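Taking it in order: structure first as structure tokens, then the write-up.
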Amino acid sequence: MLDFNFKSAINHINEGVVTWSSPSNIALIKYWGKKESQIPENPSISFTLNDCKTTTTLKYSKKEDVNHFSFEIYLDGEQKDDFKPKIETFFKRIEHYVPFLKEYHFTIETSNTFPHSSGIASSASGMSALALCVMSIEKALSETSSSEDEMSQSYFNKKASFLARLGSGSACRSIEGDLIVWGEHKEIKGSSDAYGIVYPYEVHDHFKNYQDTILLVDKGEKQVSSTVGHNLMHNHPFAKRRFEQAHEHMSKLIAILKTGDLDAFIEIVESEALTLHAMMMTSLPYFILMKPNTLEIINAIWAYRNRTKSKICFTLDAGANVHVLYPENEKDAVMEFINNELVVYCQNRHYISDQIGFGANQIQ
Ligand code: PMV
């Protein structure tokens, strides 16, 4: 395991500002169930999204008192004290690795490219953007002009992913693109439970610029928080078999990504989505997170696929919204299908079109 402890502050910095933009991601093989310290019970893999992003500016200024964290947080310019407990927990979890946090007062200004109340989880993009900002401060504190002290890009990304994981598990898959693996898998060299890595093997052209249209079926607050959801996997009657299945799916996906077998890809992706929901339906307490329109959409996608031989498929997060995935060469046809047949099932006819992208970038 890499050593992520903070080396030492060489530079004295009184104040500064850093801005990062970081994307959301959509899992093909799902992370659902964790051990202590956000260690996943099984490996997962996701597409990084190009346009669904959080941009976070972190202003920092040295303070006298170093006994507590001090920060304020704004979403779209509006102070958001209800976000504070989550950030405080995040800071506590990462403090050991970035011990300078208590030396500064922070102003966190954040905004999302997707609507706040869209039911799209912003924790992956939000926590990864914040982790990247913290890493930029670490870099500024510890780097000198000597190349010996220079922080490698690879270390920067790995530690950013490691920190992001401690904020929200799936956030560790939002540091780079296009395909990110998180969680140890015996056939994926370099895979780790501690951070995400770029999928290291051949990926067929079919998966380049893959499209994701997110159909907003339910824009409300999540019915079940992911913390509660992950905990439901403890003592779950099917947990052990589910974790094994995720490993098996990953093995199959390695071959599929290489050969470009889209039918086999569809089978795994849809099975993973339904398994995630099946886990929630069979836990205690149990939940149904799909809405009637989620099912209408799934059935319409299956009918369209049968009718047209399209390679369209769906995946789901822990909610009612549907991610429609399809190859770039079907973009026009599938958008026509979505506009003609699927938008009627979306709240206020809202959807977000995105595609698989390259990941995070520093703005300032
Ligand atoms: O990152 P968390 O703790 O919010 O968990 C997210 C889990 C899923 O989105 C449902 C699946 C995944 O792998 O992203």
Side-chain angles (χ1 to χ4, degrees), residues 22-49 52 54 83 86 89-90 93 114 118-131 161-175 177 179-185 191 193-197 199 212 214 218 221-234 236 239 242-243 245-247 249-250 253 268-281 283 287-290 294 314-323 325 354 356:
S22 190
S24 187
N25 69 71
I26 180 67
L28 305 170
I29 293 180
K30 308 287 180 184
Y31 149 61
W32 199 243
K34 63 181 171 184
K35 303 174 197 158
E36 281 282 288
S37 310
Q38 313 264 92
I39 295 299
E41 289 277 12
N42 65 258
S44 58
I45 184 166
S46 54
F47 275 149
T48 310
L49 298 180
C52 285
T54 297
F83 286 4
K86 205 162 180 194
T89 304
F90 176 51
R93 286 188 191 154
F114 45 92
S118 59
I120 297 186
S122 55
S123 63
S125 52
M127 284 299 174
S128 55
L130 189 53
S161 172
F162 174 86
L163 297 179
R165 184 194 97 238
L166 294 168
S168 167
S170 58
C172 81
R173 296 189 313 240
S174 274
I175 302 296
L179 262 172
I180 304 293
V181 176
W182 168 41
E184 248 179 83
H185 186 273
S191 59
D193 286 346
Y195 47 79
I197 61 161
Y199 177 72
D212 180 3
I214 310 163
D218 182 13
E221 280 282 306
K222 271 195 188 176
Q223 190 186 328
V224 185
S225 77
S226 51
T227 311
V228 170
H230 290 294
N231 283 335
L232 292 174
M233 291 306 279
H234 294 135
H236 189 293
R242 157 61 194 153
F243 302 143
Q245 180 204 41
H247 282 267
H249 278 167
M250 191 70 91
L253 196 60
I268 287 191
V269 169
E270 293 189 347
S271 162
E272 277 289 319
L274 295 176
T275 300
L276 170 69
H277 282 249
M279 289 299 109
M280 273 174 284
M281 288 190 225
S283 59
F287 296 96
I288 300 180
L289 301 184
M290 291 187 206
T294 313
F314 72 86
T315 189
L316 306 165
D317 264 335
N321 295 335
V322 183
H323 288 250
L325 299 176
D354 207 333
I356 305 324

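Heavy-atom basis, side chains included; hydrogens, waters and symmetry copies ignored. Please read all numbers here as calculations on a predicted model, not as lab measurements. Order of listing sets the numbers, starting from 1, for every ligand and every atom in it.
Nearest protein neighbour of atom 9 (O) of ligand 1, counting heavy atoms only, is D317 OD1, 3.4 Å. Residue, atom and distance of the protein heavy atom nearest to atom 7 (C) of ligand 1 are Y31 O, 3.4 Å. Here the protein heavy atom with the shortest distance to atom 5 (O) of ligand 1 is H230 NE2, 3.0 Å.
Where the criterion is an N or O separation shorter than 3.5 Å, residue side chain and backbone included, S226 meets it with respect to ligand 1. Polar contact check, S44 against ligand 1: no nitrogen or oxygen pair lies under 3.5 Å apart. Not a single N or O atom of W32, backbone or side chain, sits closer than 3.5 Å to an N or O atom of ligand 1. Taking distance alone, with nitrogen or oxygen atoms compared against 3.5 Å, N25 stays at or beyond that limit from ligand 1.
The cationic atom of R93 (NZ for Lys, CZ for Arg) does not lie both less than 6.0 Å from the six-membered ring centre of F90 and within 45° of the ring axis.
Side chain of S22 to backbone of T54: no donor-acceptor contact under 3.5 angstrom is found.
For I39, the CD1 atom is densely surrounded, since the number of other residues' heavy atoms within 6.0 Å is greater than 12.
The S168 neighbourhood of ligand 1 comprises atoms 1 (O), 2 (P), 4 (O), with distances under 4.0 Å to a heavy atom of that residue. Taking every heavy atom of S170 and a limit of under 4.0 angstrom, the matching atoms of ligand 1 come to 1 (O), 2 (P), 6 (C), 14 (O).
A perpendicular orientation is assigned to the rings of Y31 and W182, their planes being inclined by more than 60° (bins at 30° and 60°).
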Go through the steps for N42 and R242 under the test side chain to side chain contact (heavy atoms under 4.5 Å, CB included), then give the verdict. CA-CA 9 Å; N42 65 258; R242 157 61 194 153; 4.1 Å; yes
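By the ring-ring contact (aromatic ring centres under 6.0 Å, His included) test, H236 is found to be paired with F238, residues two or more places apart in sequence or in another chain being considered.
Heavy-atom separations between Q38 and ligand 1 are all 4.0 Å or longer.
Heavy atoms of K34 found under 4.0 angstrom from ligand 1: none, in either backbone or side chain. Only side-chain heavy atoms of A27 come within less than 4.0 Å of ligand 1; its backbone N, CA, C and O stay farther off.
Distances from atom 12 (C) of ligand 1 to the heavy atoms of R173, E272, K30 put R173 nearest.
Across H323 and D212, no two heavy atoms sit closer than the pair ND1-OD2, 2.7 Å. The nearest pair of heavy atoms linking L289 to Q223 is CD2-OE1, 3.6 Å.
Side-chain N/O atoms of T315 and K30 include a donor and acceptor closer than 3.5 Å.
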